[in-house]
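The structure appears below as structure tokens.
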2 protein chains.
Amino acid sequence: MSQGNTAVTDQVSAIDPEKLEACTLLEVLNRISGKWAIGILLEASQGPVRFTELERSVAGISRRMLTLTLRNLERDGLLERTVYPTVPPRVEYEATPMARELYGTLSGLVDWAQRHREAIAVAREVYDAQ
Amino acid sequence: MSQGNTAVTDQVSAIDPEKLEACTLLEVLNRISGKWAIGILLEASQGPVRFTELERSVAGISRRMLTLTLRNLERDGLLERTVYPTVPPRVEYEATPMARELYGTLSGLVDWAQRHREAIAVAREVYDAQ
DNA sequence: CTGAATCCAAGTAGATACTG
DNA sequence: CAGTATCTACTTGGATTCAG
């Protein structure tokens, strides 16, 4: 990994791999954080869903945020959008294989959260007590 | 899943487990997303670091955001803050075991990001072309 | 049905200056 | 050294209205 002395060509490999990792990680996080992305991805992972179905099943989401979040996920290739040219219009969204794969890797985080949920709550109470 | 008629006691168990999962996940994500938390956690995972060290090593961070992010991480029990009553003052931050554990579970996400970085870039270009 | 457009409120982040 | 205070700008999200 570090053969770095060809002078010109290693501008990229000169980046601290840990910094790169943190940066890459941040990109993923930005993609799936936000209040709605995960909920939408969850629904769209079980099969094609329509706009109005999502509006109902993702509790509390507004039409605007649903549209915006769908567009972002579609743009990143995490959601596939299919329009059926019927009247009235019918549009379906479905998670791509890439998105399903991502969803799978998130289980570790869910575990962590469940194991430490209590400890975090306690830490907050202690901190807020000051 | 729908045995629901013990009337009073199953308020909690009535929550769809998948919704709960999505919710828990969102909490974790909110804790570590944000522009700076990961970088700080990274530094503080290799041993105690001082405020000014962080200010230098987390590229681009302002004093204000460093303070705010440190406080949040400390509040959630992810960072331990130690004050040495010397002159000048000396304060050290270190990742807690819980935080190190979290950092470990993030490797799956890093893998995913690296495997699909290219595909995402392409998806964006295609999308933006319209 | 599936959005786009507009307006507004709240939260988040940068710049700068000041302090025990 | 390790912060706090203030002021401003950008971003995110909600409410509402309009349209193909």
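Residue numbers start from 1 in every chain, and the chains themselves are labelled A, B, ... in the order their sequence lines are given, proteins ahead of strands. The model shown is predicted, which means the values in this text are computed figures rather than measured ones.
- Between A/Arg81 and the phosphate of C/dG3, there is a side-chain N or O to OP1/OP2 separation shorter than 4.0 Å.
- For the pair B/Phe51 CZ and D/dA2 C1', the computed distance is 6 Å after rounding to whole Å.
- Contact of the A/Arg81 side chain with the A/Leu70 side chain is not registered, since no non-hydrogen atoms from C-beta on lie closer than 4.5 Å.
- Side-chain contact between B/Glu80 and B/Glu74 is absent, with no heavy-atom pair separated by less than 4.5 Å.
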Between the protein and nucleotides 11-16 of chain D, list the N/O to N/O atom pairs that are separated by less than 3.5 angstrom.
residue: D/dG13; atom: N7; partner: A/Arg64; partner atom: NH2; Å: 2.7
residue: D/dG14; atom: OP1; partner: A/Lys35; partner atom: NZ; Å: 3.1
residue: D/dG14; atom: N7; partner: A/Arg64; partner atom: NE; Å: 3.3
residue: D/dG14; atom: O6; partner: A/Arg64; partner atom: NE; Å: 3.1

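- Taking atom CG of B/Leu66 as the reference point, atom P of C/dA15 lies 14 Å away to the nearest angstrom.
- Using a 4.0 Å cut-off, no side-chain N or O of B/Arg56 falls inside it from OP1 or OP2 of D/dC1.
- Residues A/Leu41 and A/Met65 are members of one and the same hydrophobic cluster, defined by side-chain heavy-atom contacts under 4.5 angstrom among Ile, Leu, Val, Met, Phe, Trp and Tyr.
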Side-chain polar contacts of residues 105-114 of chain B - donor-acceptor pairs under 3.5 angstrom, sequence neighbours left out - could you list them?
residue: B/Thr105; atom: OG1; partner: B/Leu102; partner atom: O; Å: 2.8
residue: B/Ser107; atom: OG; partner: B/Gly104; partner atom: O; Å: 3.1
residue: B/Trp112; atom: NE1; partner: A/Met98; partner atom: O; Å: 3.0

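- Here the closest heavy-atom approach between residue A/Val58 and residue A/Glu43 is recorded as CG2-CG, 4.2 Å.
- Contacts of B/Tyr93 with the nucleic acid, taken as non-hydrogen atoms under 4.0 Å apart, involve only primed sugar atoms and P, OP1 or OP2.
- What separates CD of A/Glu55 from C1' of C/dT2 is a distance of 9 Å, to the nearest Å.
- Of the residues in residues 70-78 of chain A, none has a non-hydrogen atom less than 4.0 angstrom from any atom of DNA chain D.
- Pairing each heavy atom of A/Pro48 with each of A/Glu92, the nearest pair is CB-OE1, 3.5 Å.
- At a threshold of 4.5 Å between non-hydrogen side-chain atoms, the residues A/Leu79 and A/Ile40 count as touching.
- Following rounding to the nearest Å, B/Arg90 (CZ) and C/dG20 (C1') show an atom-to-atom distance of 19 Å.
- Side-chain contact between A/Glu55 and A/Arg50: absent, with no pair of heavy atoms (C-beta onward) separated by less than 4.5 Å.
- The hydrophobic clustering, which links ILVMFWY residues whose side-chain heavy atoms are closer than 4.5 Å, places A/Ile32 and A/Leu54 together.
- Nucleic acid contact class of A/Thr67 (heavy atoms, under 4.0 Å, all strands): sugar-phosphate only.
- In this structure, the CD1 atom of A/Ile40 is 14 Å from the P atom of C/dT2, given to the nearest Å.
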